[in-house]
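Working notes, beginning with the structure itself.
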Amino acid sequence: MTNSITDLAGSKCIFIIGSNAAESHPIIMGEIYKAMDAGGVVIVVDPRRTAVAENAHIHLAIEPGTDIPLLAGMMRHIMDEGLYNAEFIEERVEGFEEFRKFVEGWTVEEASRQCGIEPSMIRRVAEIYAKADESAVVYCMGITQHVCGSDNVIALCDLTMLCGHVGTEHSGLYPLRGQNNVQGACDMGALPNVYPAYQPVADPDIRAKFEEAWGRPLSDKPGLTVVEMVRSAGSKIRGLFIMAENPALSEPDVNHVVESLRKFDFLVVQDIFMSETARFADLVLPGSSFAEKDGTFTNTERRFQLVRKAVDPPGSAKDDFSILCLLGNALGLNFNYESPADVMSEINRLAPPYGGITYDRLERQGLQWPCPNEEHPGTRFLHQGRFTRGKGLFVVPNHVAPKELPDEDYPWYLSTGRMFAHYHTGTLTRRAKQLDREVSRPYGEINSEDAAKLGVGEGGAIRVTSRRGSIVVDAKITDRVRKGSIFIPFHFAEARANILTNPALDPRSKTPEYKVCAVRVEKGES
Amino acid sequence: MAVEVSNNHKQQKATERTPRILVFACKWCGLIGADGAGRKREPLPPNFRVIPVECVGSVEPDAVIRAFADGMDGVIVMGCHLGGCRFNDANHAAFKRLELLRALLEGVGIGRDRLLVTFGTAHEGHQFTDVLRNFTNLIAKKESLDTSWTSSRARMI
Amino acid sequence: MKTQQAMIDQAKSLLKKLLEDGEATAVFGLARGMGGVTAPRIFTMPDELDSLVLEPKWPLAKPAMEILRTAPGGYRLAVVCRGCDERALVELIKRNQVDADALVMVGVACSGEQASICLCDRPYPSKLDIGEAAHGVDPFDDPGVKYLLEGDTHTRMGRWERVLKRCVKCYGCRNSCPICVCDPCKLEGEPWVRRGIIPTEILSFHLIRAFHLADTCVACGACQEACPAGIPLVTLQHAMRRALREGFEYEAGLDVNEKTPVLFDFIQAPEKDRPIPDWINTLRD
Amino acid sequence: MKNITVFLCTCFDEINRVVDYERLCSHLSDDPRVAAVTVSRGLCVSGGAGEIGASVKSGDGRVLIAACSPLARGDQVMRDLERAGVPAFRRHLVDLREGCAWIHGNNPAAATEKALDLLNMGLTALEYKEPSADVTLKIADEVLVIGAGPAGMAAATALARCGVDVRVLERGAQPGGMLGLVSRSYPDNTDPSEKIAAFRDLAASDPRITFHSKVKIISARGYAGNFTVRFTAEGEELQAHAGAVIIATGGRVFPPKGYYRYGEVREVVSQIELEARFRKGPVKKENAVFIQCVGARCEERPYCSTICCPASIKNAMRIMDENENARVWILHRDIMMPGTTLEAYYKKAMERGVRFIRYAESDPPRILGDEAVETVEVRDDITGDRRTIPADLVVLSTPLIAGTDAEAIGDLFGIQRDSYGFFREIYPLHPVETRIDGVYICGSARWPVSSEQAMVQGEAAAMKAAALVGRQTIRASEFSRVPGAKFGHARVNEDTCSGCGNCAAVCSFDAIRLQRRSGEGEFRMVSRVIKVRCKACGNCLSVCPNGSMQMPEMNTKALYGMVGKAFS
Amino acid sequence: MDCRFVRTTCPFCGTGCGMLLKVVDGRVVDTLPDRESVVGRGHLCIKGWSAHEFVHHPDRLTHPLVKKGDSFERISWEEAISLAAEKFRGIAEQYGNDAIGGFSSAKCTNEENYLFQKLIRAGFQNNNVDHCARL
């Protein structure tokens, strides 16, 4: 996130697109409520009438996968009315002229035709966003999990720069990261193309620095992503080491994933439960939960926060840090760290933006990177005065319609996502008594009129079939889902939503298109 | 389609249906009133349903709350006179509880007079019709309760 | 007003004495830990008490109850209690959730400023050991409470709907309320509350929760402070506490032997001063 | 699952004139819970209940009767079904006549709509009804009588006479109670000590009566038919196991401290002191003045004990017997001499020359004299003039109040007391019964009465106790406060009960006990329902915070189901 | 009875609320919000309040397991580590360094992620390391 969570409370306009914050990030929703109390206007763009939409001022229920047309329409109106921040663009952004040509290619009416929102509403929302003195854009998986996911984000950046709503205290872009340390994992370089702190693998002097530090030659060729590695099981990739992940449930088109997992010559899974993925492993190593280890998580606002060990792991399980040290030493690397704090000091040296992050400084409130040295107080919001690359750059987002749209055989839209009571693959939360009591069975939300047509009552069984597989879930009849679309949470192993999902990837980010695919829904046998 | 969710309460006029009223009648007093009205074939508006209970004491306050959640516009609880209850002082316990519930309903804006707790012995059967008519008119004058809060049957959020 | 430091020292000496002469097996209070951050802590040795602090406000009643519940026989816990903690523990003793003689309450007064934050009308425990009693604040003077509890019912309903609709069903209100001890709890399922939907059904979830605390809520504000959506939950309770005070002359948590009117002294004959509403004139009043 | 058969009664085409029965039948037939629907012209007439019962008895078959109001013929059909073997939880009545057809005659469409809803509610209730486990109790064959005053003695003799073992516990050394204090009883002027002596001999001779004196009760536990009372008699600790308990602990005379300078001036005595003097010997007085309603019919004790006026008149005439030229005044606010015999007694007193003066409550008589009483100054409320009467004796008539140990006895047996401390009967139409089955009250312990009245009540309580003790066994559902068997009794789900005690506090029948949970260091409690005492009033389940307390016949699912289906 | 409160961060969503784990005699029994945490400020969501419930769940893996046929058998840590190292080194020799890959995790700490990518990159001279940030 460019700014901090508590900054949201001061924003005069919050533009939430593709994020069900009330269910996925309830505490951040609390800040949005504070903004509403302070007079901020909240606009929600989501095909579903989520709890956020229910509490917002304006809810735009767009057609699934048509975010760029809406944003283009808004930007066109902002340009026509001259509401854009010319002085900000002049001083701090490049490529405006070429971007203007792209925007002029769009009209509000065309945008409205594609995304299903009346032109007047597009104009009104654009004005509110542009005119407010500090506007924030909040987005989540609803934006990124499309074939044009990265283009959606680019369009949002363009909108933000167009109106100059970045680099101040209560403006900026708020990607709500889904997991407790997904930000940290990216920061620490668990990505095929970058070392820690996003230092590119291809850059020779960076590589030299790491080779010198780690005492081993390093490859300059970016590696494969998760989806590519799974697809090339038994061919390019023979040995796989999975730590605390459950691709057998979280990857799209999960039937193929399960077959691929069998094709590895040697698969090691390190986890705390026997997850669906661990069952296919040749070697299972018992890791430890957050309560049994010391270390740091980085949350969505770039804040390093301490995690302290409360109890010992069960049986002879070890904490993940020690397992990795054992494996490292077994491979001849020098992994003799006494404690995670040692590792942090090595990170301080090798990753400049995290130079000043030490354990005793994290004690009180954690630190937000970039924090280059021990005196630096951490950065509350980014891009103040200048962008990291100097001047910002307008990039033209090219809109790609969802790969698999409804047709005669599969007339329904399917969207998968999170619900408030469970977390991701459910390995942790479905074992909690209170959460299992809240929701314990897989369900699909369908519109009341569709349910009537199907002759299905509340809780009745419905069979949902896509080109890749079929599952049976309970029907949850509600008017918050549009007619002809169904929403299924993916937390339930016994009816894996990801059996249905389409493995089409965004070319850049390789993120699968979880939010849109075509399915058929019939009355199932209970 | 875009929906403007205006944040001050949606001004929904009382729909044409007469207000829905649920009556918890204790078998030994309240029901006799209802039976008396029936015997006299008094024409009554059909917008009420009677749930016979053994004693007013078994009317759970949570059931009254659930009734409002399921779209009722008014609830009447009919028990025996204080001192005349076959179950010793069970009706006074119910009276105190529901009095407190009325304070909560008043606080949250549903209004204290949507829950009517009355005591009448068998011979006052003829008053059943008057109570019902007065209560229906009183509730009909008020705004419909059919807000976005109510659950599955009224409108699913 | 005694300075903060003086109060802390007085508390330390008093609690050390309790530990030394075996009055209490352990002390439960707030401690300043590494990096100057305060968190609740159980002190078993007198010298650990050096890290004791009294600010900021941390409702200790519920954790104290749960500690006592799992404590072995003969375990006596001295708890540093503000006014609301003491009243909450009194209500818990009344409901057989805490063994009265396994509990030693050390009363601490709240500052006037804290009282105005919590809208507390009695910012001091009945047994006051540390600090002087500040005068309380009448919650009904607060504009926020007035906004939600006055005016005609229809606008009030709209205001409550807009506020209560923000609920993200985190159960924080129930989990942090010292009086809520049931497991399982009615709020978790049918037929009382519809499961698995956000925002919750306001009429069932919030009213059932509020009504269960009708005659036991001590207005400590723990629910409101634990609510991520910032819903003014205590205001709901103020409506009923006023009814209890005016209708039944009763306030929760003041005295262990005082019986709640909802469960006791029922009468057979009509009360002298309040005629029993018969069928018709109920509609007139 | 499909196990409900529905019987729609048209009441000889009275109901289906308004309600469209075809629509009802079609709607019911495609309801998943309904196995069969039959329409009959008159369920209450053709003995239909019998075959209905037969067809349904097997398995978990349940019957929904849609007919008229329970007060009309509905209950009769229900009782026929009971006799035909269909237990309470497998049958349900829906009132379509008084509840629907007759009051919505002018709007048939809405009436049918309502009928559908009522049937739906009935089906839901029937679907979730469960039986509350009935239990059969053995009845101990002994009756315990506490207090050997006139009421206690009468009860004991009556019980012994009809062959029931009685154990009498008397706090004092001798039986007799307040009767023992009286020199002669009115109106027959006989010496009550003979009655007491007669009882003492009977107690000694009759093997069925065991008499204990100087009793102090330690504890009382159990329920109807199975009471266990531990007490000390003459210092020795004993235990009695009884089927019923009759409480005849009587009352106490209100000491007139602070009234009319009593205790300050000599010769101002209370009625009891006068009786004591009579017992010792003749009382020679010239001018005796009786003052009535001393501390009675006032703010604190706004009642009349009905025994002071007759007692004063009796003693007045006694004084005149022992000294012909004695003059006696009775200063009263009203003379209460109910009944023919007492009215005649009152006339006789007037003829004997007892003077009656009425005084107003606001202007009571004043006692004059410093050492001993000399004169009494009174304003005659009728004539209005103020008179001074010479007096060498003033007798103050005070009311009866609750006994000293009434509170203890009340708490021991769990019976309630009214605001004056007298034991409260359960319901005006059951005068000697209390909220605890098997515990009966009589005599002045219940309300101030004369000794004769006390005996009547004693015998009444004895008959009630004998009726209970006479049976070997009894089912818990027979202890009912309503005609026919009890609706059921509450049931606790012990693993979810948090032991908060709300139910035990609110129960109007003291039918719920809190017991400490077993297990080491476990502090929490769990509540237990005494099936005999529970009357299914439902207060406990309304105050139970998490629904652990349930009434099987109208459990949460049934009640909330009906609420949910009301306007579906 | 030893009872203490340990300040930590919530293991679920990216907000990173501060929480207190209540530890009694070596077992985590309860979760309380940390009122001093700059994120969360004394608030938790429904998952946060139940963060402690899975820690002592009986299904937790307690010993290293090796696949025999289609069931698992317990082996010691030494055997497990050496088996993994030897197997991976064998694959690297047979099919080249690029044949090894690794999925790190957004559930693990920064330090563990750093070590994981260092293990793959330094150990096998390839960059096949990724995690599920993409979904």
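As the structure is a computational prediction, the values presented were derived from the model and not from experiment. Below, read A as the first sequence line, B as the second, and so on, with proteins coming before strands; counting in each chain starts at 1.
Taking the side chain as every heavy atom from C-beta outward, E:Arg60 and A:Phe273 approach each other to under 4.5 Å.
Contact annotation for A:Leu333: only side-chain heavy atoms (C-beta onward) come within less than 4.5 Å of a heavy atom of chain E. There is no contact between A:Glu228 and chain E, counting heavy-atom distances below 4.5 Å. With a 4.5 angstrom heavy-atom cutoff, A:Pro247 touches chain E only via side-chain atoms. When heavy atoms are compared at a cutoff of 4.5 Å, E:Phe5 does not approach chain A at all. At a 4.5 Å heavy-atom cutoff, the contact between A:Gln365 and chain E is made by backbone and side-chain atoms alike. Only the side chain of E:Tyr95 comes within contact range of chain A, with heavy atoms under 4.5 Å apart. Using a 4.5 Å cut-off between heavy atoms, A:Pro26 contacts chain E through its side chain alone, with no backbone atom that close. If you measure heavy-atom distances from E:Ser104 to chain A, the contacts under 4.5 Å come from both the backbone and the side chain. Contact annotation for A:Lys236: only backbone heavy atoms (N, CA, C, O) come within less than 4.5 Å of a heavy atom of chain E. Only the side chain of A:Phe304 comes within contact range of chain E, with heavy atoms under 4.5 Å apart. Neither the backbone nor the side chain of A:Arg430 comes within less than 4.5 Å of any heavy atom in chain E. Looking at A:Pro222, the atoms closer than 4.5 Å to chain E (heavy atoms on both sides) all sit in the backbone: N, CA, C or O. Residue contact with chain E, scored on non-hydrogen atoms closer than 4.5 Å, involves the backbone of A:Val194 exclusively. Heavy atoms closer than 4.5 Å to chain E are found nowhere in A:Asp187, neither backbone nor side chain. Of the atoms belonging to A:Leu505, not a single heavy atom falls under 4.5 Å from chain E. Of the two parts of A:Ala278, only the backbone, made up of N, CA, C and O, holds a non-hydrogen atom closer than 4.5 Å to a non-hydrogen atom of chain E. Proximity to chain E is limited to the side chain of A:Met229, based on heavy atoms less than 4.5 angstrom apart. Within the 4.5 angstrom heavy-atom criterion, atoms from both the backbone and the side chain of E:Cys45 approach chain A.
Atoms SG and CG, on A:Cys186 and E:Asn110 in that order, are 10.5 Å from each other to the nearest 0.5 Å. Distance check, rounded to the nearest 0.5 Å: CG of E:Leu115 to CE of A:Met188 gives 11.0 Å.
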Criterion side-chain contact (heavy atoms from CB on, under 4.5 Å) on A:Asp282 and E:Lys87, from CA distance to verdict
CA-CA 11 Å; A:Asp282 302 310; E:Lys87 274 281 182 178; over 6 Å; no
Pair A:Leu306-E:Thr8, side-chain contact (heavy atoms from CB on, under 4.5 Å): steps then yes or no
CA-CA 6 Å; A:Leu306 280 177; E:Thr8 184; over 6 Å; no
Where do E:Arg41 and A:Glu31 land on the salt bridge (charged side-chain N to carboxylate O under 4.0 Å, His left out) test, with the steps shown first?
CA-CA 11 Å; E:Arg41 283 191 284 213; A:Glu31 299 305 320; 3.1 Å; yes
Should E:Thr15 and A:Arg177 be marked as a side-chain contact (heavy atoms from CB on, under 4.5 Å) after you check the CA-CA gap, both sets of side-chain angles, and the distance that decides it?
CA-CA 8 Å; E:Thr15 311; A:Arg177 305 307 300 260; over 6 Å; no
Determine, stepwise, if the pair A:Ile272 / E:His57 fulfils side-chain contact (heavy atoms from CB on, under 4.5 Å).
CA-CA 10 Å; A:Ile272 59 174; E:His57 195 278; over 6 Å; no
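One N or O on the side chain of E:Asp130 and one on the backbone of A:Val226 form a donor-acceptor pair closer than 3.5 Å. For A:Asn181 (side chain) and E:Cys108 (main-chain N/O), a donor-acceptor pair under 3.5 Å exists by modelled atom type. Within the 3.5 Å criterion, the main-chain N or O of A:Gly295 finds no donor-acceptor partner in the side chain of E:Thr109. Under a 3.5 Å cut-off, the side chain of A:Gln305 and the backbone N or O of E:Gly16 do form a donor-acceptor pair. One N or O on the side chain of E:Asn128 and one on the backbone of A:Leu224 form a donor-acceptor pair closer than 3.5 Å. Between the A:Asn180 side chain and the E:Cys13 main chain, no donor and acceptor come within less than 3.5 Å of each other. In terms of modelled atom types and a separation under 3.5 Å, the side chain of E:His43 and the main chain of A:Ile27 share no donor-acceptor contact. Listed for the A:Arg238 side chain is no donor-acceptor partner under 3.5 Å among the backbone atoms of E:Asp98. Although no hydrogens or angles enter the test, the distance criterion places a donor-acceptor pair under 3.5 Å between the side chain of E:Glu53 and the main chain of A:Lys433. At distances below 3.5 Å, not a single donor-acceptor pair connects side-chain atoms of E:Trp77 with backbone N or O atoms of A:Ile323.
With chain E as partner, the option from A:Pro196, A:Ser24, A:Gly30 having the largest number of non-hydrogen pairs under 4.5 angstrom is A:Pro196. Comparing A:Val307, A:Asn246, A:Asn299 by heavy-atom pairs within less than 4.5 Å of chain E, the highest count is held by A:Asn299. Among A:Met344, A:Glu301, A:Lys318, the residue with the largest count of heavy-atom pairs under 4.5 Å with chain E is A:Lys318. Ranked by non-hydrogen atom pairs under 4.5 Å with chain E, the options A:Leu326, A:Ile237, A:Thr144 are led by A:Ile237. For chain E, the option among A:Ala330, A:Ser316, A:Ala317 with the highest count of heavy-atom pairs below 4.5 Å is A:Ser316.
Ion pair E:Glu111/A:Lys293 not flagged as a salt bridge, since none of the NZ, NE, NH1 or NH2 atoms sits closer than 4.0 Å to an Asp/Glu carboxylate oxygen. Of the charged side-chain nitrogens involved, at least one lies within less than 4.0 Å of a carboxylate oxygen, so that E:Lys118 and A:Glu346 count as a salt-bridged pair. Ionic pairing of A:Glu438 and E:Lys47 is not present here: no N-O contact between side-chain nitrogen and carboxylate oxygen is shorter than 4.0 angstrom.
Taking the six-membered ring wherever Trp is involved, the centroid distance between the rings of E:Phe103 and A:Phe241 does not fall below 6.0 Å.
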